[in-house]
Amino acid sequence: MQDLSPLHQAILNGDAKAAKAITEQALAAGIDPVRLVQENMVPAMSEVGQKFECNEYFVPELLLAARAMKSALELVRPLLVAGGIEPVGRVVIGTVKGDMHDIGKNLVSAMLEGGGFEVIDLGVNVPPDRFVAAVKEKNAKIVALSALLTTTMPSMKATIDAFKEAGIREQVKILIGGAPVTQRYADEIGADGYSDSAANAAGLARQVLS
Ligand code: B12
């Protein structure tokens with residue numbers, strides 16, 4: 001079994017070149033891409049977060065780690081997407097207004113695609129009316145909202161309210177997630193589903209549609 005701790009270390013060091021090279025080697029050696037994400041990349045990013053919390057890392061280190069994580073993820077992403085499957089449904093996804101974090105959102109997006117959903121990714125800092133417009137335009141059945149800041153969690157509620165105001169709240173299922181988000185918060189703001197992990201996102205999306 002290949003030792004993948006250098007991938008963890010490369011993300012921790014913000015070494016995008018090494019993270020990419022190790023991921024390439026691991027995939028060529030037949031390592032399961034889901035395992036690579038779950039057991040190596042996500043724990044590395046969690047450790048980065050802990051270091052930030054203890055003032056061991058600062059914003060520049062975060063940016064470098066995020067870049068390393070992204071460059072590794074770019075290689076894995078196409079492999080998470082199952083080929084030739086009819087889309088189960090259409091999902092509009094984005095990080096809510098005021099929030100620039102997109103690593104978790106990108107993972108959820110890749111997992112949904114891998115689970116057979118067609119995903120329309122609106123990116124970061126997405127205002128409520130853009131979510132509403134995208135759902136109308138694409139006739140999506142699911143909206144997935146990500147927030148990483150306690151200060152941007154209210155943008156999730158504002159987005160749900162925008163769907164109510166547009167009169168189409170009952171036509172979509174709204175899923176929420178992100179590190180500070182909880183099931184309790186989801187219940188409080190009237191979201192249809194919550195998960196703390198990208199791995200469960202496709203299962204959750206199928207569940208709310210059935
Ligand atoms: C990387 C990072 C950054 C990077 C982001 C780069 C990028 N492209 O995303 C940069 C440097 C830009 C950044 C900036 C800031 N950050 Co920051 N950042 C982080 C860090 C270290 C990691 C986040 C991450 O990527 N995690 C890895 C991914 C995989 O996890 P995740 O996002 O939680 O997603 C998982 C689940 O939550 C779930 N999920 C996520 N979304 C969704 C959606 C749905 C629908 C579902 C079902 C599931 C789901 O699935 C994912 C995988 O399992 C966290 C620390 C932490 N512990 O989270 C701080 C953190 C989020 N940041 C923080 C702060 C304060 C900031 C800044 C304000 C710093 C500053 N002073 O400027 C700015 C804000 C900028 C802005 N307006 O958004 C704080 C937030 C504190 C709070 N309580 O609000 C944290 C918690 C650090 C800390 N402890 O202080 N940050």
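What you see is a predicted model; the values in this text were computed from it and never measured. In this chain, residues are counted from 1 in sequence order. Whatever order the structure lists ligands and atoms in, that order sets their numbers, starting from 1.
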Proximal ligand 1 atoms for [X], defined as those under 4.0 Å from one of its heavy atoms:
{"X": "Leu107", "answer": "29 (C), 52 (C)"}
{"X": "Ala66", "answer": "6 (C)"}
{"X": "Leu175", "answer": "45 (C)"}
{"X": "Phe52", "answer": "87 (C), 88 (C), 90 (O)"}
{"X": "Ala144", "answer": "45 (C)"}
{"X": "Asp99", "answer": "78 (O)"}
{"X": "Gly98", "answer": "76 (C), 77 (N), 78 (O)"}
{"X": "Met45", "answer": "1 (C), 27 (C)"}

Any donor-acceptor pair under 3.5 Å linking the side chain of [X] with the backbone of [Y]?
{"X": "Asn13", "Y": "Asp15", "result": "no"}
{"X": "Asp99", "Y": "Thr95", "result": "no"}
{"X": "Tyr57", "Y": "Gln50", "result": "no"}
{"X": "Thr182", "Y": "Tyr185", "result": "yes"}
{"X": "Gln38", "Y": "Arg35", "result": "no"}

Does [X], backbone or side chain, put an N or O under 3.5 Å from an N or O of ligand 1?
{"X": "Ser195", "result": "no"}
{"X": "Thr151", "result": "no"}
{"X": "Ile176", "result": "no"}
{"X": "Lys105", "result": "no"}

[atom1]/[X] to [atom2]/[Y] distance, rounded to the nearest 0.5 angstrom?
{"X": "Gln171", "Y": "Lys141", "atom1": "CD", "atom2": "NZ", "value": "7.0 Å"}
{"X": "Leu4", "Y": "Gln25", "atom1": "CG", "atom2": "CD", "value": "10.0 Å"}
{"X": "Phe117", "Y": "Ile142", "atom1": "CZ", "atom2": "CD1", "value": "4.5 Å"}

Option set [options], criterion heavy-atom distance to [atom], minimum:
{"atom": "atom 63 (C) of ligand 1", "options": "Leu63, Leu149, Asn55", "value": "Leu149"}
{"atom": "atom 25 (O) of ligand 1", "options": "Val48, Leu73, Ile103", "value": "Ile103"}
{"atom": "atom 61 (C) of ligand 1", "options": "Leu148, Val91, Val181", "value": "Leu148"}
{"atom": "atom 7 (C) of ligand 1", "options": "Val42, Val37, Asp102", "value": "Asp102"}

For this session: Decide, yes or no, whether a salt bridge links Arg169 with Asp192 under the criterion of side-chain N to carboxylate O below 4.0 Å.
Result: yes
Seminar exercise, completed: In short, Ile93 meets Ser109 closest at the heavy-atom pair CD1-N, 3.9 Å
Exercise. Should the proximity of Leu145 to ligand 1, defined as any heavy atom under 4.0 Å, be assigned to the side chain, the backbone, both, or neither?
Worked result: backbone
For this session: Check Asp196 against ligand 1 and report side chain, backbone, both or neither, counting heavy atoms closer than 4.0 Å.
Result: backbone
Exercise. Among the heavy atoms of Gly178, does any lie under 4.0 Å from an atom of ligand 1?
Worked result: yes
For this session: Give a yes or no on this: more than 12 heavy atoms of other residues, nucleotides or ligands lie within 6.0 Å of atom NZ of Lys51.
Result: yes
Exercise. In this structure, which one of Leu27, Ile22, Leu73 forms a side chain to side chain contact (heavy atoms under 4.5 Å, CB included) with Leu36?
Worked result: Leu27
